Visitor: 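Let me begin by handing over the structure; questions about it come next.
These numbers were taken from a predicted model, which means no experiment stands behind them. Proteins come first, then strands; the chains are lettered A, B, ... in the order of their sequence lines, and each starts at number 1.
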Amino acid sequence: MPLTFNRRQALTISAAALTAAAWGGAIVPALAAKNDSDELIKKFTGGKTPAEGRVRLDLPEIAENGNTVPMTVSVESPMTDQSYVSDVLIVSDGNPRGGVATFHFSPASGVSEANIRIRLAETQNVIAVAKMNDGSYFMASKPVKVTIGGCGG
Amino acid sequence: MAEVKPRIKLDRKQAKKGDLVEVKALVSHIMETGLRKDASGNIIPRKILNRFTCTVNGKEVFSADFEPAISANPYIQFKFRAQESGPVVLTWIDDDGTKIVGEESLTVT
């Protein structure tokens, strides 16, 4: 059978394609936050754009309960007086407020790693930005799907 | 409010100098976000622990600032490098200024 479409079929197919495109966009959202997380990052880095990498963010892909989501952040770096991670900022781009926590490390910490439990109101990205003592910044972000929101709605 | 006693666990009581010691701590607290409303529509005021510090023998090894996005009964886990013996003191500071303090001892050989 030759592959031809009448007008109606063609419209259906293009509508389906459009829907797929829209969904695709929703699953991988552009870096446009709903809250003040972008500003918090800018304030933290003093306007610098953090480089990707060195930061590792461990979160469940799907959080069944947004009230308590375990999160581990670690930064690949020596922790000596010459070179260490000084601060790590954690923000989320879908909570009513962007800020989650800031960790302060020092060479006495030995390793820049911390684990806490956070609240996530809905499916969103969690972003970690690490500040090195030499003034460079690194970041990582991770999307988390939340089935039950954690803000007591 | 009754005195809150945090639960603190060090993964070892004795460490060699330079060892990484892991600290796990859990404290009972509502961590009210300040965004929720009660039955009559009034906003429930924010009450969270906004600051956490850990000192070993008086020297700070780790600290954190918390926002309302931290779960109720906050749990925290981190590590530090053992340098000298002394008390490991964990302090949480409430929005209203009260402090919750817990202490464990560490011997460094």
Visitor: May I ask you to name which of A:Thr72, A:Val100, A:Leu89 has the most heavy-atom pairs under 4.5 Å with chain B?
Guide: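 The option with the most such pairs is A:Val100.
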Visitor: Please look at A:Val69 and chain B and tell me whether the side chain, the backbone, both or neither of the residue comes under 4.5 angstrom of a heavy atom of that chain.
Guide: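 The backbone, not the side chain.
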Visitor: Which residue, B:Arg12, B:Lys79, B:Lys13, B:Arg81, forms the salt bridge (Lys or Arg N to Asp or Glu O under 4.0 Å) with B:Asp19?
Guide: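 Among the candidates, only B:Arg12 passes.
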Visitor: Give, as side chain, backbone, both or neither, the part of B:Ala82 having an atom under 4.5 angstrom from any heavy atom of chain A.
Guide: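 Contact with chain A involves no heavy atom of B:Ala82 at all.
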Visitor: Tell me, for B:Leu20 versus chain A, whether the close heavy atoms (under 4.5 Å) come from the side chain, the backbone, both or neither.
Guide: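 The side chain, not the backbone.
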Visitor: Taking NZ, NE, NH1 and NH2 as the nitrogens, is one of them in B:Lys59 or B:Glu84 under 4.0 Å from a carboxylate oxygen of the other?
Guide: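 A salt bridge is present here (some side-chain N lies under 4.0 Å from a carboxylate O).
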Visitor: Looking at A:Glu76 and A:Arg56, is there a salt bridge between them, counting it only when a charged N and a carboxylate O are closer than 4.0 Å?
Guide: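 Salt bridge absent between A:Arg56 and A:Glu76.
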Visitor: With chain B, which of A:Ala114, A:Ala101, A:Ser109, A:Ser106 has the greatest number of heavy-atom pairs at distances under 4.5 Å?
Guide: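 The candidate making the most pairs under 4.5 Å is A:Ser109.
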Visitor: Judged by modelled atom types alone, do B:Asp65 and A:Thr102 share a side-chain donor-acceptor pair under 3.5 Å?
Guide: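 There is no such pair (donor and acceptor under 3.5 Å, judged by atom type) between the side chains of B:Asp65 and A:Thr102.
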Visitor: Return the orientation label for the B:Trp92 and B:Phe52 ring planes: parallel under 30°, perpendicular over 60°, tilted otherwise.
Guide: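 Ring orientation of B:Trp92 relative to B:Phe52: tilted.
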